[in-house]
Amino acid sequence: MQAIALPSEPSLRLWTVKEYHRMVEAGILQPEEKVELIAGQIIRQMSPQKSPHAAAITRTERQLRNELGDRILLRIQLPIALNPYSEPEPDIAIVQPDPRDYADNHPLISQVHFLIEIADTTLRRDCGLKARDYANSGIEEYWVLDIENRLLHVFRNPTSEGYESESTRSENEEISPFQFPDSSISIQEMLPPQ
């Protein structure tokens, strides 16, 4: 009796940033669609942004501007260039100021101070897939503001396996960004009011 060859495990087809842009140009992905390219996967944001999520972005943005001023440029839900397989659009990217406001290219890893995601329905993805991709790409610091549990997840010291340091801060605490140790950000002031 002849052995039957079993099919091999299916492999995941990863998309590059160039292919991702060509899909938009060809109309496969519509410009108004809320999608991101993370680790070669096109991730669709399924639910519309809710009021608490929008309020948290506004409150965090205000606090960062007040505390860090002209030392930074804030990019709200705009792309950053991570690697050939990732072009995420974090809720808030804290980047180096650029005289042309990044008209020629999206910020590169070397221009990113830290990133923040606001999580209401996306906590698992933000602390999992995105955290691994950000660490693997060398993003030094990454925060996930957990609206539902009123916590801040802080990821620091990136490696190819993920972040070496992961901590959780309560809403009653303050935090200093790694690159701005002289600054203090209130976690409670980042969260929407109760």
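The chain is numbered in sequence order, starting from 1.
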Peer 1: Please list all pairs meeting salt bridge (charged side-chain N to carboxylate O under 4.0 Å, His left out) that have one or both residues in residues 100-115, counting only residues at least two apart or in different chains.
Peer 2: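 The answer is R100-D104.
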Peer 1: List for me each residue that meets side-chain contact (heavy atoms from CB on, under 4.5 Å) alongside T168, sequence neighbours excluded, and say none if there are none.
Peer 2: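 T168 satisfies side-chain contact (heavy atoms from CB on, under 4.5 Å) with L151, H153 once adjacent residues are dropped.
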Peer 1: If the condition is side-chain hydrogen bond (donor to acceptor under 3.5 Å, both in side chains), which residues does E61 pass it with, not counting sequence neighbours?
Peer 2: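 In terms of side-chain hydrogen bond (donor to acceptor under 3.5 Å, both in side chains), with neighbours along the sequence ignored, E61 is linked to R65.
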Peer 1: Between L191 and D146, which heavy-atom pair has the shortest distance, and what is it?
Peer 2: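 In this case the closest contact between L191 and D146 is CD2-O, 4.0 Å.
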Peer 1: Apart from I43 itself, what residues make up its hydrophobic cluster, given side-chain heavy atom links below 4.5 Å?
Peer 2: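 Result for I43 is I38, L129.
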Peer 1: Quick one: salt bridge (charged side-chain N to carboxylate O under 4.0 Å, His left out) partners of R59, sequence neighbours excluded?
Peer 2: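 Expected list: E189.
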Peer 1: For residues 55-83, which residue pairs pass the ring pair (Phe, Tyr, Trp, His ring centres under 6.0 Å) check, not counting sequence neighbours?
Peer 2: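 Sorted result for residues 55-83: empty, none.
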Peer 1: State whether the number of non-hydrogen atoms from other residues, nucleotides or ligands found under 6.0 Å of N172 atom CG is greater than 12.
Peer 2: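 More than 12 heavy atoms, drawn from other residues, nucleotides or ligands, come within 6.0 Å of this atom.
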Peer 1: Applying side-chain hydrogen bond (donor to acceptor under 3.5 Å, both in side chains), name anything that partners N136, two or more places apart in sequence or on another chain.
Peer 2: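 Checked N136 against side-chain hydrogen bond (donor to acceptor under 3.5 Å, both in side chains); zero matches.
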Peer 1: Under the 4.5 Å side-chain heavy-atom rule for ILVMFWY, direct or indirect, which residues accompany Y163?
Peer 2: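 Its cluster partners, ordered by chain and number, are L73, I80, L82, V95, Y102, I109, V112, L115, L123, Y134, I139, Y142, V144, F155.
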Peer 1: Could you list the residues that satisfy side-chain contact (heavy atoms from CB on, under 4.5 Å) with E87, not counting sequence neighbours?
Peer 2: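 Residues passing side-chain contact (heavy atoms from CB on, under 4.5 Å) with E87: V17, Y20, H21, P79, H106.
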Peer 1: So, using side-chain contact (heavy atoms from CB on, under 4.5 Å) as the criterion, who are the partners of R71 when residues are at least two apart?
Peer 2: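 Result, side-chain contact (heavy atoms from CB on, under 4.5 Å) vs R71: L68, F180, D182, S183.
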Peer 1: Got a sec, which pairs hit salt bridge (charged side-chain N to carboxylate O under 4.0 Å, His left out) with one end in residues 15-24, sequence neighbours left out?
Peer 2: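 Checked against salt bridge (charged side-chain N to carboxylate O under 4.0 Å, His left out) - neighbours excluded - the pairs reaching residues 15-24 are R13-E19.
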Peer 1: Under the salt bridge (charged side-chain N to carboxylate O under 4.0 Å, His left out) rule, what pairs show up with a residue in residues 157-177, not counting sequence neighbours?
Peer 2: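 Residue pairs with at least one partner in residues 157-177: R150-E171.
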